[in-house]
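Worksheet: one structure, shown below.
Keep in mind that what you see is a predicted model, and the values were worked out from it rather than measured. All residue numbers refer to positions in the sequence shown, counting from 1.
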Amino acid sequence: MDQKPETLIYGREDRPPLRDMLLLGLQHIFLMSSTLVLPVVLVNNIGGDSDEVEAVVCLTMIAAGLGTIVQSLRLGPLGSGYLVPNLAGPSFFGVSMRAAWMGGLPLMHGMILVAGVFEALFSRVVHRVRFLFPANVTGLVVLMVAVGLIPVGTCKFLGVENQGDLIKPANLAVAFLTLGCMVGINVWSRSRIRLYSVLVGMVSGYAASFAFGLLSLSDFLQVAAEKWVSLPMLSGVSFHWAFSWELVLPFCIVSLCVSLKAFGNLITAQRINDPDWSEPEMKSIGNGLLADSVSVLAAGLLGGMATDTSASNVGLSLATRATSRRIAWACGGLFIFLGFFPKLGALFSIMPPPVMGSILIFVTSYMVLSGFQIILSSKPDQKHIFVIGIAFIFGLSVDLLPGLYADVPHVLKPLFGSSLTLSTVLAILLNQVLFARKAKQG
């Protein structure tokens, strides 16, 4: 794949000027920061103090930044060569919390290492199961990655946490102003400012949030009160590990689910960068999964929370028309840098929910369309209709009807805990059953 799509400003192998690379990397950092609340919640729930919270957050940033850079490389079997950033992994939150309750942070970190090893091993055999992922299944995977972003994106856009919460006019005003700014620049601007539509939208969102009272002077004073420099590896949370056989299976199942998500993100990255894309390039995907495992292993070794690839950041690269893998060097390097400078990281942590939700909706729009395009490229017939339809319906039920699968056996809960995972597994099984005769004849 050497031809750059005409729709891209910076293709995978392009070398953006340093200014562009840093600003584009900064946009990705805002999205990468969106899940840093997860390690905060986790450590607080097990009774950790503020120093432990700060250390786990910073070490997670360092691991995610490292994974982002490694993913963009092509060092033998390591790295897909695509811009597919990492962030604190929501998929790992449930099992990580369980491990932390059972044995504290050392047990959580030890089991994260198990998950990283599992993904690394899976990456070496994924090319042997290419037949499981024809265009109709890969398109559904990409679509469901986008669907998984919808609940969190819409809730944050409206500024609510739970169903039935009051939607405040101020939240709506900030959300629509931020989203309108990004859409307007992207649709009507013909200058290079389109590269920075998200960054301009975020600045406008912060300003509007301050004007409407969603951000206050005390928020900025809190940022100012943070330390300039910190060495999180010396905090006491690093380099302590424990192990439990009881948690091996749950962590491996979640690791497989995370691998499926990474699979979808890497397919999206391939399609964005190849105008003639028709099917997944499995060697690149295997190398990408190995790179993702490096990020997970780094989180376990250093003392952070497990990471996974970010669908929203892949969507951002499509929205900004900038997919150069060198942007990963900028955003990954800056994220690592911020891990040692809590004051700068704190500025991202105060991002108001409506601003974050606007960005997620903006980038998810591109991913939804990309998923449909891949599905339709397979020219669906009657069999495809049921493979895609049944898998999509039951996958979507996970998000539409929370608690529907609450009584499934505990060992299977990770399978039914994600719309992406359930729909992907169903699509693979249905595809093999309905197309079994065709495969035998071939």
Side-chain angles (χ1 to χ4, degrees), residues 1-2 12-13 63-64 66-87 89 91-92 112-142 144-145 251-274 276-300 306-311 313-314 317 323 325 328-329 332 370-371 374 414 418 420-421 424-425 427-428 431-432:
M1 189 220 63
D2 297 319
R12 181 173 71 152
E13 297 299 336
L66 176 64
T68 300
I69 294 173
V70 172
Q71 186 66 254
S72 70
L73 303 177
R74 289 181 295 183
L75 299 175
L78 187 61
S80 65
Y82 289 98
L83 172 60
V84 182
N86 284 80
L87 41 63
S91 304
F92 279 104
I112 288 173
L113 291 177
V114 172
V117 170
F118 179 89
E119 185 175 13
L121 294 174
F122 179 69
S123 74
R124 299 303 85 200
V125 300
V126 68
H127 64 283
R128 298 183 182 276
V129 294
R130 178 175 182 167
F131 66 94
L132 296 176
F133 298 96
N136 61 323
V137 175
T138 55
L140 181 66
V141 170
V142 173
M144 295 310 296
V145 168
F251 268 85
C252 287
I253 291 175
V254 172
S255 181
L256 180 60
C257 297
V258 167
S259 298
L260 292 176
K261 178 185 176 185
F263 193 102
N265 290 333
L266 290 164
I267 288 173
T268 304
Q270 288 183 1
R271 188 181 184 282
I272 292 170
N273 287 277
D274 187 355
D276 301 318
W277 186 92
S278 59
E279 60 182 14
E281 204 287 290
M282 298 304 294
K283 181 179 179 181
S284 172
I285 288 176
N287 294 347
L289 292 180
L290 184 60
D292 189 40
S293 73
V294 169
S295 184
V296 177
L297 288 168
T307 66
D308 63 24
T309 56
S310 169
N313 283 89
V314 176
S317 68
T323 64
R325 62 194 183 98
W329 305 350
S370 181
I374 297 173
S418 162
L420 167 67
T421 306
T424 302
V425 172
I428 291 172
N431 195 76
Q432 292 305 301

Start with the C-alpha distance between N287 and S80, add both sets of side-chain angles, then the distance that settles side-chain hydrogen bond (donor to acceptor under 3.5 Å, both in side chains), and finish with yes or no. CA-CA 5 Å; N287 294 347; S80 65; over 6 Å; no

Evaluate the criterion side chain to side chain contact (heavy atoms under 4.5 Å, CB included) for residue pair V137 and L132; output intermediate values, then yes/no. CA-CA 8 Å; V137 175; L132 296 176; over 6 Å; no

Test log, rule side chain to side chain contact (heavy atoms under 4.5 Å, CB included), inputs L256 and E119: CA-CA 7 Å; L256 180 60; E119 185 175 13; over 6 Å; no

Is there a side chain to side chain contact (heavy atoms under 4.5 Å, CB included) between R12 and L83 once you walk through the steps? CA-CA 8 Å; R12 181 173 71 152; L83 172 60; over 6 Å; no

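Side-chain contact check for I272 versus V314: some heavy-atom pair is nearer than 4.5 Å. Looking at C252 and V114, their side chains come closer than 4.5 Å, going by heavy atoms from C-beta outward. Within the 4.5 Å cutoff, the side chain of F92 has no heavy atoms near those of the I112 side chain. A heavy-atom distance below 4.5 Å is not found between the side chains of T307 and L87. Side-chain contact between Y82 and Q270 is present, with heavy atoms from C-beta onward closer than 4.5 Å. Residues S293 and V117 have side chains not in contact (no heavy-atom distance under 4.5 Å, counting atoms from C-beta outward). Between L73 and W329, some side-chain heavy-atom pair lies under the 4.5 Å cut-off.
Ion pairing between a basic and an acidic side chain is recognised when a charged N comes within 4.0 Å of a carboxylate O; R74 and E13 show such pairing.
To the nearest 0.5 Å, atoms CZ (R325) and CD1 (I69) are separated by 12.5 Å. Rounding to the nearest 0.5 angstrom, the gap separating the CG atom in L113 from the CZ atom in F118 is 15.5 Å.
Contacts of D308 classified as salt bridge (Lys or Arg N to Asp or Glu O under 4.0 Å), with partners at least two apart in sequence or in another chain: K261. Looking at residues two or more places apart in sequence or on another chain, you find a salt bridge (Lys or Arg N to Asp or Glu O under 4.0 Å) between E279 and R130.
In terms of modelled atom types and a separation under 3.5 Å, the side chain of S295 and the main chain of A63 share a donor-acceptor contact.
Heavy-atom minimum distance, R124 versus H127: O-CE1, 2.9 Å. Here the closest non-hydrogen pair linking A306 and A299 is CA-CB, 4.1 Å. A pairwise comparison of heavy atoms in F263 and L289 identifies N-CD2, 4.3 Å as the closest pair. Across every non-hydrogen atom of A115 and S255, the tightest pair is O-OG, 3.0 Å. The two residues L66 and A298 have their closest heavy-atom pair at CD2-CB, 3.9 Å. When all heavy atoms of L290 and P77 are compared, the pair lying nearest together is CD2-O, 3.3 Å.
Residue D292 is tested with V70, N265, N86 for a side chain to side chain contact (heavy atoms under 4.5 Å, CB included); the sole match is N86.
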